[in-house]
Amino acid sequence: MDTHEAFAILADTDRQHIVTELLENDGRSTVGILADQLAARRRNHADELERERAELRLLHNHLPRLADHGVLAYDRASGEVVLKEVSDLEPYLTDPTRKRTIPLDS
C-alpha cells in the first residue's frame, strides 16, 4: 500500500478508531461492539439511534473500504471483524518521535 492509500484510509477518524480498537483487542471485534464504540465516541454516550447510524456507517462505508484494502475481513452474518494486515498503516497511527499512539480525536 502506498502512502496516498494509507492516508486515504486513515483520513476518517472513525476508520482510525476501528483499526486502533482492533489492534488493542487482539485483532478481533464485532460490528455491534464497534458500532457501540463509534456511537459513544461521537456523543459521549451511545443512544440507540446513534448506534444504528454508526452500524450503517460501518457496514456501508468503513468496513467495506478497509476490507477492499486488505486491512480487515468481516462477516455480515456473524458480525465478526478480524484484522488482517496493518503493517502499512501502523507508522501513521503512532508518533515516531515519542513512540506512542496519536490521539484520534481532534
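The main-chain N or O of E50 is never found under 3.5 Å from a side-chain atom of E48 such that the two would form a donor-acceptor pair. Not one N or O on the side chain of E24 forms a donor-acceptor pair closer than 3.5 Å with the backbone of E21. In terms of modelled atom types and a separation under 3.5 Å, the side chain of D12 and the main chain of D14 share a donor-acceptor contact. With N61 contributing its side chain and R57 its backbone, the two residues share no donor-acceptor pair below 3.5 Å.
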(Q) Run E5 and T3 through side chain to side chain donor-acceptor pair (under 3.5 Å) and show every step you take. (A) CA-CA 5 Å; E5 284 179 292; T3 303; over 6 Å; no

Begin from the C-alpha positions of L34 and H17 and carry the test side chain to side chain contact (heavy atoms under 4.5 Å, CB included) through to its verdict.
CA-CA 9 Å; L34 292 171; H17 183 75; 5.6 Å; no

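Pairing each heavy atom of R15 with each of A8, the nearest pair is NH2-O, 3.3 Å. The two atoms that bring G32 and R51 nearest to each other are CA-NH2, 3.1 Å, heavy atoms only. The minimum heavy-atom distance linking V81 with T30 is given by the pair CG2-C, 4.0 Å. The minimum heavy-atom distance between A54 and A39, with the atom names listed, is CB-N, 4.0 Å. When all heavy atoms of L59 and P64 are compared, the pair lying nearest together is O-CG, 3.2 Å. What you find for L72 and L63 is that their closest heavy atoms are CD1-O, 3.8 Å.
Atom OH of Y74 is separated from atom CG of L83 by 15.0 Å, given to the nearest 0.5 angstrom. In this structure, the separation between CD1 on I33 and CG on L38 is 12.0 Å, given to the nearest 0.5 Å. Here the straight-line distance linking atom CD of E80 with atom CZ of R28 works out to 4.5 Å at 0.5 Å rounding. To the nearest 0.5 Å, the span separating OG1 on T20 from CD on Q37 amounts to 11.0 Å. Taking CD from Q16 and CG from L10, the interatomic distance works out to 5.5 Å, rounded to the nearest 0.5 Å.
The side chain to side chain contact (heavy atoms under 4.5 Å, CB included) test with V31 singles out one residue from D36, L58, D75, and that residue is L58.
In this structure, D26 places its CG atom where only 12 or fewer heavy-atom neighbours from other residues, nucleotides or ligands lie under 6.0 Å away.
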